[in-house]
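Treat the numbers as computed from the prediction; the structure is a model and nothing was measured.
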Amino acid sequence: MKEILHGDSSSDLHEWLESGNPKMRRREFLKQTSWIGPVAAAVLVGGCKSTQYAHILKSDDIDLVGSHQAGSAVWNPLVDEAVAKLLSRCPDVHATRFETPDGQVVPNMPAGPATVCFIGIENKSAEEMVDFKDQLYERIDSQINGNGGFRSVSRRMVDVALHETALRPDSLYIPENRDVFAAHLGRAGSPINYLLYARITSGTTERNDTTQRDYLLTLEMVDLESGEYIKESATIRKGYHDSRAGKWWNYGPFKQADG
């Protein structure tokens, strides 16, 4: 068999197939050569997957709209709107002082830009944020520092303070815990005025092969001295379709997505 497969004469192969029991010969031949198809397919598929192209986006290029989940086109506008609305509502800051449960007093912080301690982002949406969670944290933090009336505490200092005080972010809503946390940061040279929390939620509506998902980013700023809070949010709606005509079919031409 091996000699026939590696030979140069097709007539020899035909003669070998026809000799003896033709059915048995053909079955044996197909068995010996059954590996050819899968190997060829693997080579073709592997070759396609190894090819990828890229280009540099300019500052005025629009963000890519993800086909299966939220991306830059959703998260960036949500952050920009929510942060701008929240900071515009925060009142003027006055000098503050903090006293720990054991009687230690943190020196007064001079009046000036309000210091914001950004605790973190809680994801309650239907999607995993993968690498976007850290990027959103940095984007929110940068916008706070970019506003002349505010400054933020280093994320590393916040993480260390939570670790050393053995407090969870949600436990800071308790006044006693809040005082301990603020006093720890104050002794470290970073007295604070506000605690900032961010939460991402989503609502999903489905109709056959079309899905609409509403993304909501909520920012909550807690006044450390009074315990009062200000809350602002931003939302973006996004439609997912199984064809390019899905947008027109579900949302046009009369702008009504009837079921």
### Query
Would the F118 and Y194 ring centres measure less than 6.0 Å apart?
no
### Task
For Y229, look at atom OH and say whether over 12 heavy atoms of other residues, nucleotides or ligands are found less than 6.0 Å away.
no
Calculate, to the nearest 0.5 Å, the distance between atoms [atom1] and [atom2] belonging to [X] and [Y] respectively.
X: E225; Y: D179; atom1: CD; atom2: CG; result: 10.5 Å
X: Q212; Y: T204; atom1: CD; atom2: OG1; result: 9.5 Å
X: D214; Y: T201; atom1: CG; atom2: OG1; result: 9.5 Å
X: I121; Y: L217; atom1: CD1; atom2: CG; result: 7.5 Å
X: K85; Y: K231; atom1: NZ; atom2: NZ; result: 13.0 Å
X: C117; Y: M221; atom1: SG; atom2: CE; result: 11.0 Å

Indicate yes or no: at least one non-hydrogen side-chain atom of [X] is less than 4.5 angstrom from one of [Y].
X: L172; Y: Y197; answer: yes
X: I119; Y: L196; answer: no
X: R155; Y: E138; answer: yes
X: L216; Y: I200; answer: no
X: L162; Y: F181; answer: yes
X: D223; Y: N193; answer: no

### Query
Cation over ring, R237 on Y215, under 6.0 Å and within 45°?
no
#### Entry: Ion pair E220/R199, N-O distance below 4.0 Å
no
### Query
Does a side-chain N-to-carboxylate-O contact under 4.0 Å join D60 and K58?
no
### Task
Any chance you could lay out the side-chain contact (heavy atoms from CB on, under 4.5 Å) test for E127 and R213, step after step, and finish with the verdict?
CA-CA 10 Å; E127 300 176 4; R213 184 157 290 160; 3.0 Å; yes
Is it the case that the side chains of [Y] and [X] hold a donor-acceptor pair, with the cut-off being a distance below 3.5 Å and no angle test?
X: Y240; Y: E206; result: no
X: S152; Y: D141; result: yes
X: R151; Y: T115; result: yes

With hydrophobic residues grouped by side-chain heavy-atom distances under 4.5 Å, do [X] and [Y] end up in a single group?
X: I230; Y: F150; result: yes
X: Y173; Y: V158; result: yes
X: L167; Y: V222; result: yes

## Note on the structure
Only one of L219, L86, V116 passes side chain to side chain contact (heavy atoms under 4.5 Å, CB included) with I140, and that residue is L219
Please tabulate, one pair per line, all N/O donor-acceptor pairs under 3.5 Å involving side-chain atoms of residues 72-82, not counting sequence neighbours.
residue, atom, partner, partner atom, Å
D80, OD1, R139, NE, 3.2
D80, OD1, R139, NH2, 3.3
D80, OD1, Q143, NE2, 2.4
D80, OD2, R139, NH2, 3.1

### Query
What heavy-atom pair brings K238 and Q69 nearest, and what distance separates the two atoms?
NZ-O, 2.9 Å
### Task
Could you tell me whether a side-chain N or O of N208 sits under 3.5 Å from a main-chain N or O of T210, the two making a donor and an acceptor?
no
### Query
Does the S190 side chain pair with the main chain of L185, one donor and one acceptor, at a distance under 3.5 Å?
no
### Message
Checking K124 now: which residues fulfil salt bridge (Lys or Arg N to Asp or Glu O under 4.0 Å) with it, not counting sequence neighbours?
### Response
E122
